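If you read the sequence from its start, that first residue is 1, and numbering goes on from there. These numbers were taken from a predicted model, which means no experiment stands behind them.
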Amino acid sequence: MRELHGWRDARGRRLATATRVIAAGSLALALSTPQAARAGADDERALASPDDAARSAVWVFFTGKGAGALGCRRRSSGARMSCLNGHARAGPAAPGARARRRRALPVDVRDLPVDPARVAGVLATGARERVRSRWLNAVSVDVTPAQREAVAALPGVERVEPVRQAWRQRPLVTRELPRADDDALFGMSFAQLDLMGAVYLQLCGLTGDGVLLGVQDSGFVLDHVAFEQLEVVASHDFVGGDDDVGEEPGDPEGQYSHGTLVLSTAAGAVPGVFMGAAPGVRVILSKTEDVSQEVPAEEDYFVAGIEWIEEQGADIFTASLGYFDWYTPGDFDGQTAVTTQAVNVAAENGLIVFVAMGNAGSEPTTLGAPADSAGAISIGALLPNGQVAEFSSRGPTTDGRIKPDVSARGVDVKIAAPGTVDEYGAANGTSLATPLAAGLAALLLEAKPDLTPETMGALLRATATQAETPDNDVGWGLIDGRAAVGDYCTCADVDGDGHLDTLCGGDDCDDARASVHPGAEELCDGLDNDCDDALGEDEVDADGDGVLLCAGDCDDDNALVAPGKPELCGDGLDNDCEGGDATCPPPETSSSASDGEADTGVDFGSEGDSEAGTESAGGSGGDDKGCACGQGSRDGPGGAALLVLAALGLTRRRR
């Protein structure tokens, strides 16, 4: 396997076996412009010149990003950011990673492309371009010794360094027949997943859905049944310079093997037979290794691959390649190796990075780069019983930090057998422990989408089995998904809307109402239906009358005004919001033709017409001139009161 084993060849060089990860999608040219594959490419051989044997790969580091970046720096703060965004978007590789958007990280100078004029000056010496790195502000090239001297003398060149390489051995896979006797869902994968709590999380319903995982390795062949449901978002071959990360003509034997088995461990799925740690993730695949025995893995492709994966929007990155040779132990300080520098930038940009510690054995400081990165979550290997594997590389880093961060099972790990469509096997190494850990992280990120590189690492360390007593054998210990997820899986969905309460680690801000959850339609009910911590401008009740603006309250500053309120005449308010204030009725009055007396509606007659008065009295007789009748009309039941109310204009009416 492409693990970092401690074996050495006849010349005493350490042989590094490294895990392979593959990236998918279209290539961003500002990030990398690789040559055609140097091994097995007929057209490359046809163009070979006599000095090719003398060429070596070197990094050319520049002092700055050129005139464009300098112009941005001279502007004010707001204008400078706009300028940087403009330059970055105008280049072939505009930064747009979802991880960066999630953290609202701004574009900075590192996102600008390498100055093309400076690259042109390097190529004018006869150097052949390999890849460009925005983050390192460098280009890797193949040069002769004379060309290297010429490049080093160019203006704007800070330094020239060799491209480091990693030697490796091919993986040894033990074939096994598929079996489903361990568990009805997880089959042969049950033990390796259960050891780190992934069985618990998957039974809880977490699969990595919505998480984008970048896998960088030697290549991927996806004919196996374990990949039938896998969604590949993007892929690119940095060795061959195309988007085909599978088996291609001229590839050495086993080119794709390591990446395929690593991918199956993270994301494969055959229910009842075999299950990866995160069967619901989407993936980006990056091929950065040539596995032919005579061509070591080269770090510039690693740098190009991780930059591209971050740019494609990955949430999590996993790789198991390490670099020992051409570095001294003192270089593993978290700052020196270019792969370590690239991982540091990726983590700063919001990408959660998992890397293998390596398989160099049990001595102190046997780790390689980029496992020494402070931004990386470095993974050690454990036996099935949870004890450290003898081959697992150890820390500390040369600046005294504990490594690994955490560990996972790396012995007898079940995998989908490369080169088959339905066979399985087992393999050993930190390169298997690493995708298991990255898959578990995808489940946690689905449950806790606000996790960042810093908080993910802190969560895994704080909940691992040796959280109180970390060491350089297993770090903070075996990762424990059950402890890391908290009570997310024990919460009930009380309102049945498919979202768990925020108190349980979910995203439902009101688990008592099915109309309230992220993504819900905002209703006119005074509730934050979509859980975005904001109400609409018309969804308020400023006067506290129980009626919202969106429900028709025509005056939300007055509690006497709202639909359904009684209309009061003469108060100057449209109390019921139906079209203005009501006009009060005039008081009912009667007047005499002779003296203008108020008209009561009863004719009392006059002293000169007693007969008329008698008739008006209804034939009551007597000489009271109808006075008894008149008094009865005024003083009868309610009569006087109605007259008084009418006179005062207090009669209420409701429409």
Side-chain angles (χ1 to χ4, degrees), residues 1-4 16-25 34 37 39 166 168-173 213-224 226-227 230-240 242-248 251-268 276-278 281-292 295-298 301-302 304-306 308-309 312 314 316-322 354-356 359 379 410 413-421 423-425 427-439:
M1 307 188 48
R2 296 184 62 73
E3 294 289 335
L4 307 178
T17 314
T19 313
R20 299 167 188 164
V21 184
I22 298 181
R168 88 283 288 181
Q169 290 187 344
R170 295 180 182 180
L172 175 62
V173 176
L213 174 66
V215 185
Q216 184 152 293
D217 212 290
S218 63
F220 310 87
V221 172
L222 306 181
D223 295 337
H224 199 283
F227 303 122
L230 182 66
E231 181 181 352
V232 179
V233 174
S235 62
H236 190 74
D237 176 2
F238 287 87
V239 179
D242 56 42
D243 291 339
D244 186 353
V245 297
E247 186 175 17
E248 296 183 89
D251 276 350
E253 180 184 356
Q255 170 70 53
Y256 59 86
S257 295
H258 192 268
T260 301
L261 62 89
V262 164
L263 180 62
S264 72
T265 305
V281 296
R282 298 181 302 148
V283 298
I284 299 173
L285 304 178
S286 171
K287 177 180 176 181
T288 59
E289 295 180 59
D290 183 339
V291 304
S292 61
V295 180
E298 291 158 316
Y301 291 143
F302 182 101
I306 192 172
W308 175 76
I309 283 177
Q312 297 303 305
I316 300 174
F317 171 91
T318 183
S320 304
L321 177 65
F354 287 81
V355 295
N359 302 335
I379 307 299
V413 176
K414 303 305 185 291
I415 50 91
T420 74
V421 296
E423 297 180 29
Y424 301 84
N428 303 335
T430 56
S431 64
L432 279 301
T434 303
L436 283 174

| query | Judged by atom type as modelled, is there a donor-acceptor pair below 3.5 Å linking the side chain of Thr288 to the main-chain atoms of Phe238? | reply |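 Flag not set: sc Thr288 to bb Phe238 has no pair under 3.5 Å.
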| said: Keeping Asp242 on the side-chain end and Asp237 on the backbone end, is there a donor-acceptor pair under 3.5 Å? | reply: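 Side chain of Asp242 to backbone of Asp237, a donor-acceptor pair under 3.5 Å: no, none is there.
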| message | If the condition is side-chain contact (heavy atoms from CB on, under 4.5 Å), which residues does Ala226 pass it with, not counting sequence neighbours? | response | His224, Val270, Phe274, Ala416
| task | With sequence neighbours left out, write down each residue that passes side-chain contact (heavy atoms from CB on, under 4.5 Å) with Ala277, or none if nothing qualifies. | result | Leu193, Met196, Leu436
| query | Given the rule in the side-chain contact (heavy atoms from CB on, under 4.5 Å) test, do Ile415 and Val262 qualify, once you have shown the distances and angles that lead to the verdict? | reply | CA-CA 8 Å; Ile415 50 91; Val262 164; over 6 Å; no
| Taking C-beta and beyond as the side chain, do Val355 and Thr434 meet within less than 4.5 Å on heavy atoms? | no
| field | Minimum side-chain heavy-atom gap Phe227-Thr260 below 4.5 Å | value | yes
| field | Evaluation steps, side-chain contact (heavy atoms from CB on, under 4.5 Å), between Val413 and Thr265 | value | CA-CA 8 Å; Val413 176; Thr265 305; 4.1 Å; yes
| What do the steps show when you test Ile284 against Val232 for side-chain contact (heavy atoms from CB on, under 4.5 Å), and what is the final call? | CA-CA 6 Å; Ile284 299 173; Val232 179; over 6 Å; no
Heavy atoms only: give me the nearest [X]-[Y] pair and the separation to one decimal.
{"X": "Leu432", "Y": "Ala427", "answer": "CD2-CB, 4.2 Å"}
{"X": "Gly214", "Y": "Ala314", "answer": "N-CB, 4.1 Å"}
{"X": "Pro418", "Y": "Ser257", "answer": "CG-O, 3.4 Å"}
{"X": "Tyr256", "Y": "Gly419", "answer": "OH-CA, 3.5 Å"}
{"X": "Gly429", "Y": "Asn359", "answer": "CA-ND2, 3.7 Å"}
{"X": "Ala267", "Y": "Leu230", "answer": "CB-CD1, 3.9 Å"}

| message | As a quick check of understanding, evaluate side-chain contact (heavy atoms from CB on, under 4.5 Å) for Val233 and Val283, giving each step before the final call. | response | CA-CA 6 Å; Val233 174; Val283 298; over 6 Å; no
